[in-house]
Chemist: 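Have a look at this one before I ask anything.
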Amino acid sequence: MQETAATRAAGVLACRPGMKIITWNVNSIRQRLPRALALLERHRPDILCLQETKVTDEEFPLMELGAAGYHAAIFGQKSYNGVAILAREEPASVTRGFPGNPVPEEARVIAARIGGLALVGAYVVNGKEVGNPAYDVKLEWLDAFADWLAATYDPAEPLLVVGDFNVAPDDRDVYSAEAWRGKNLASEPERDRIARLRGWGLTDVARAHHGDVEGPFTFWDYRMGAFHRGWGLRIDLVLASAGVAARVTDVTVDREERKETTGEGKPSDHAPLIVTIEG
DNA sequence: ATGTCACTTTACAAGTGA
């Protein structure tokens, strides 16, 4: 098919048929490498975006992931944060970080172009709790991130912004609206920042695909048996421009990955979010 | 709300971040 302004705007050339994209907060790629390799084998995604890799670029397991058939664009730091894009096709035009970031020393954003798609992988500042200085940094970070997206991308083109947003967009995205009302991860100022991204032209594809239901959750705290008790949150998101969102055929959470019994070693506290897009 | 996990360090326990 010949690419034209019209087809590009419609997102028609966003990706190949059956393109599968996964976003997953791994909580240490060193601890999670066997599970990450098994995940790639299980789903054979075209793209896997990782957050909280927690390693410097020198320590990132490029060899093992390369042997599994994946190119990697990485942006890491010692001990904390760290993001990566793994892809069967080599990522192009890779950028790391973004201008205006109030905490530029923290490795939280990596972007690339893959298969006609603009892809941004993000690990949003956690914020600790409302009233903590870290919470104000979180809001500043989300504002700067949205400013950068608007200055860099056009929601009329095929665009995916994915990752751990550390925000549950509305009350359906927490296991208890009452318990979470006004709390960090669910407070209105954070939700307003996510709403701004939607207003700019991005669709929250898990919400769009699942409709007016609770979840699907992607995170369960390690403590208090939260997973077993169903105490989950939906804080990992895939946000897509309209042309891409219209071609989403499937959105699932790999809850098996959150179980102790799945695969080798311990689970991350996040489960992978899997989005399939038709060509 | 905090019963865990992963990180670090003049390490073998305790603080930090989530």
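Hydrogens, waters and symmetry mates are skipped; everything else that's a heavy atom, side chains included, is used. All of these numbers come straight from a predicted model, not from anything done at the bench. Order of the sequence lines fixes the chain letters, A, B, ..., with proteins taken first and strands second; residue numbering starts at 1 for each chain.
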Chemist: How many Å lie between CD on A/Glu129 and P on B/dA18, as a whole number?
Modeler: 12 Å

Chemist: Taking the same atom, P, in B/dT10 and in B/dC5, what whole-Å distance lies between them?
Modeler: 26 Å

Chemist: Classify the nucleic acid contact of A/Trp180 as base, sugar-phosphate or nothing, counting any heavy atom under 4.0 Å across all strands shown.
Modeler: base

Chemist: Which nucleotide in the set B/dA6, B/dC7, B/dT2 lies at the smallest distance from any side-chain heavy atom of A/Asp221?
Modeler: B/dT2

Chemist: Rounded to whole Å, how long is the line connecting atom CZ of A/Arg223 with atom C1' of B/dT4?
Modeler: 7 Å

Chemist: Has A/Ser28 got a side-chain N or O lying under 4.0 Å from the OP1 or OP2 atom of B/dA6?
Modeler: no

Chemist: When rounded to the nearest Å, what value does the distance between P atoms of B/dA6 and B/dT2 take?
Modeler: 22 Å

Chemist: More 5' along DNA chain B: A/Glu59 or A/Asp164, using each one's nearest nucleotide?
Modeler: A/Glu59

Chemist: Judged by atom type as modelled, is there a donor-acceptor pair below 3.5 Å linking the side chain of A/Arg35 to the main-chain atoms of A/Thr262?
Modeler: yes

Chemist: When you compare B/dG3 with B/dA18, how far apart are their C1' atoms, in angstrom units rounded to a whole number?
Modeler: 16 Å

Chemist: Under 6.0 Å between the ring centres of A/Tyr175 and A/Trp220?
Modeler: no

Chemist: Rounded to whole angstroms, how far apart are CD on A/Glu52 and P on B/dA18?
Modeler: 7 Å

Chemist: Separation of A/Phe227 atom CZ from B/dT2 atom P, in whole Å?
Modeler: 23 Å

Chemist: Nearest-Å distance, CH2 (A/Trp220) to P (B/dG3)?
Modeler: 21 Å

Chemist: Would you mind reading off the distance between A/Phe219 atom CZ and B/dT2 atom P, rounded to a whole angstrom?
Modeler: 15 Å

Chemist: Can you see if the side chain of A/Lys128 gets near the phosphate of B/dA18 - specifically, an N or O under 4.0 Å from OP1 or OP2?
Modeler: yes

Chemist: Would you kindly give the NZ-to-P distance between A/Lys183 and B/dT2, to the nearest whole Å?
Modeler: 10 Å

Chemist: A/Arg229 near the nucleic acid: base, sugar-phosphate alone, or nothing, with a heavy-atom cut-off under 4.0 Å?
Modeler: base

Chemist: Looking for any heavy atom pair under 4.0 Å, which part of the strands does A/Tyr123 touch: base, sugar-phosphate only, or nothing?
Modeler: sugar-phosphate

Chemist: Of all the choices, B/dA6, B/dT9, B/dA18, which nucleotide is nearest to the side chain of A/Arg108 once you look at every atom?
Modeler: B/dA18

Chemist: Can you tell me how far C1' of B/dC5 sits from OH of A/Tyr80, to the nearest Å?
Modeler: 12 Å

Chemist: Taking the C1' atom in each of B/dG17 and B/dC12, what is the distance between them to the nearest angstrom?
Modeler: 22 Å

Chemist: Taking the cut-offs as 6.0 angstrom to the six-membered ring centre and 45 degrees off its axis, would you call A/Arg88 and A/Tyr70 a cation-pi pair?
Modeler: yes

Chemist: Between B/dT9, B/dA6, B/dA1, which one does the side chain of A/Lys78 approach most closely?
Modeler: B/dT9

Chemist: Please lay out, stage by stage, how A/Glu59 and A/Arg30 fare under the test salt bridge (charged side-chain N to carboxylate O under 4.0 Å, His left out).
Modeler: CA-CA 9 Å; A/Glu59 296 171 305; A/Arg30 278 192 299 225; 2.9 Å; yes

Chemist: So if I apply the side chain to side chain donor-acceptor pair (under 3.5 Å) rule between A/Asn27 and each of A/His270, A/Gln51, A/Lys54, which one comes out positive?
Modeler: A/Lys54

Chemist: How about A/Phe98 and A/Phe145: are their ring centres within less than 6.0 Å of each other?
Modeler: yes

Chemist: Among B/dG3, B/dT8, B/dC5, which nucleotide sits nearest the side chain of A/Glu260?
Modeler: B/dC5

Chemist: Nearest heavy atom decides the nucleotide; on that basis, is A/Glu106 or A/Lys54 closer to the 5' end of DNA chain B?
Modeler: A/Lys54

